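Working notes, beginning with the structure itself.
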2 protein chains.
Amino acid sequence: MAEPSDTPDSAPRLRIRLSYGDGQVMGPGKAELMEGIARTGSISAAGRAMGMSYKRAWQLVETMNSMFSQPLVSSSRGGAKGGGAHLTEAGEEVLAAYRALEEASRTAGAPALARLAALRSDMSGGK
Amino acid sequence: MAEPSDTPDSAPRLRIRLSYGDGQVMGPGKAELMEGIARTGSISAAGRAMGMSYKRAWQLVETMNSMFSQPLVSSSRGGAKGGGAHLTEAGEEVLAAYRALEEASRTAGAPALARLAALRSDMSGGK
DNA sequence: TTGCGTTATGTTTTGTGAAACATAACGCGG
DNA sequence: CCGCGTTATGTTTCACAAAACATAACGCAA
């Protein structure tokens, strides 16, 4: 009454991370954080939503901001709501490009992923 | 007399890792190790080539072997050369599929990567 | 039966990224 | 001018993956 039939696929999570020199890395975590910031208008709220400390969230933002020619997240403190943050235009473009990269990979890699899935469950279809 | 013109690209390294449940992960490290084993016929030699301890290499092999329905690496000990290891058929298929996935992603993601590269160097071309 | 190079494992130590904890500054609204 | 929620940063503690170190087993060849 739970699992209908045999394991469907157990589609693996496809994680793409692009690392430039140094420790500059763009990956799923930063992308998700950016989305959280765009959604909530706050670094702390976005971090909380991901179960991460404000400090860590802020560090990620700092790193992201420094790895592109323009900051991806703009923030301000004080004021009525205490402050806030939002994606810059560059930020939105980076996020969009990263998501596009993910999607393109997932699509183009579907055949290869299918082969791997087959090898994980059973190896009947030889050759 | 050094840098010919504008920044070439500084193509980021595209790392793809697919994580199934648990801690089961297939990524660049395991793929490279598999290639090393195929090339050298030895786990220890492959590990050495990557600057990693035998133990670590062996652990990776153990993990790989357990995440597919059939082992990817077959090993034997003792004998004239002390022992050795080689990729099983499943191993070769997994490696090939993983490399294909990488290649497909790199190709399909080229436009997105180009956009990101542009955002890293400068943001002239708007919209 | 000894020695060699490898596979196979166990135990201890270390390095480091993250978490936890602590403050400061900001700026508006009440 | 005080309090609130946020940004911003520093310091300390901790967990855990990786490294380092140690052994055992294997099987052939000499």
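Bear in mind that the values here come from a model prediction, so they are computed numbers and not experimental data. Residue numbers start from 1 in every chain, and the chains themselves are labelled A, B, ... in the order their sequence lines are given, proteins ahead of strands.
- For the atom pair CZ (A:R17) and CZ (B:R17), the distance works out to 6.0 Å, reported to the nearest 0.5 Å.
- We find that NE2 of B:H86 is positioned 16 Å from P of C:dT6, with the value rounded to whole Å.
- At whole-Å resolution of the value, CZ in B:R56 and P in D:dC21 are 17 Å apart.
- Distance check, rounded to the nearest 0.5 Å: CZ of A:R106 to CG of A:L101 gives 10.0 Å.
- Separating the CD1 atom of B:I37 from the P atom of C:dT6 is a distance of 13 Å, rounded to the nearest angstrom.
- For the residue pair B:S42 / B:T40, no side-chain donor-acceptor distance below 3.5 Å is found, with atom types taken as modelled.
- Inter-residue side-chain proximity for B:L14 and A:I16 is flagged as met; some heavy-atom pair is nearer than 4.5 Å.
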Distances for protein N/O vs nucleotides 9-15 of chain C N/O pairs under 3.5 angstrom?
residue, atom, partner, partner atom, Å
C:dG10, N7, B:K55, NZ, 2.4
C:dG10, O6, B:K55, NZ, 3.1
C:dT11, O4, B:K55, NZ, 3.3

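- Between A:G47 and A:A57 the shortest heavy-atom distance is CA-CB, 4.1 Å.
- Using a 4.0 Å cut-off, some side-chain N or O of B:S42 falls inside it from OP1 or OP2 of C:dT7.
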Report all interatomic pairs (protein N or O, nucleotide N or O of nucleotides 26-30 of chain D) with separations under 3.5 Å.
residue, atom, partner, partner atom, Å
D:dC26, O2, B:G78, N, 3.1
D:dG27, O4', B:G79, N, 3.1
D:dG27, N2, B:G79, O, 3.2
D:dG27, N3, B:G79, N, 3.2

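- For D:dT6, the OP1/OP2 oxygens have no side-chain nitrogen or oxygen of A:S76 closer than 4.0 Å.
- Side-chain contact between A:V73 and A:T88 is absent, with no heavy-atom pair separated by less than 4.5 Å.
- Both tests hold for A:R120 against B:Y20: distance to the six-membered ring centre under 6.0 Å, angle to the ring axis within 45°.
- Using a 4.0 Å cut-off between charged nitrogen and carboxylate oxygen, B:R15 and B:E102 do not count as a salt-bridge pair.
- Closest heavy-atom contact between A:A108 and B:A108: CB-CB, 3.4 Å.
- Minimum atom distance to the side chain of A:R48 is reached by D:dT6, of the listed D:dT6, C:dT7, C:dT6.
- Separating the NZ atom in A:K30 from the CG atom in A:L95 is a distance of 13.5 Å, to the nearest 0.5 Å.
- Axis orientation changes by 10° from one end of the helix from C:dT1-D:dA30 to C:dG30-D:dC1 to the other, with each end axis drawn from 5 pairs and the value rounded to 10°.
- If you take OH on A:Y98 and CD on A:E32, they are separated by 10.5 Å, rounding to the nearest 0.5 Å.
- The distance between atom CD of A:Q59 and atom P of C:dT16, rounded to the nearest whole Å, is 16 Å.
- Distances shorter than 4.0 Å separate none of the side-chain N or O atoms of A:S53 from OP1 or OP2 on C:dA20.
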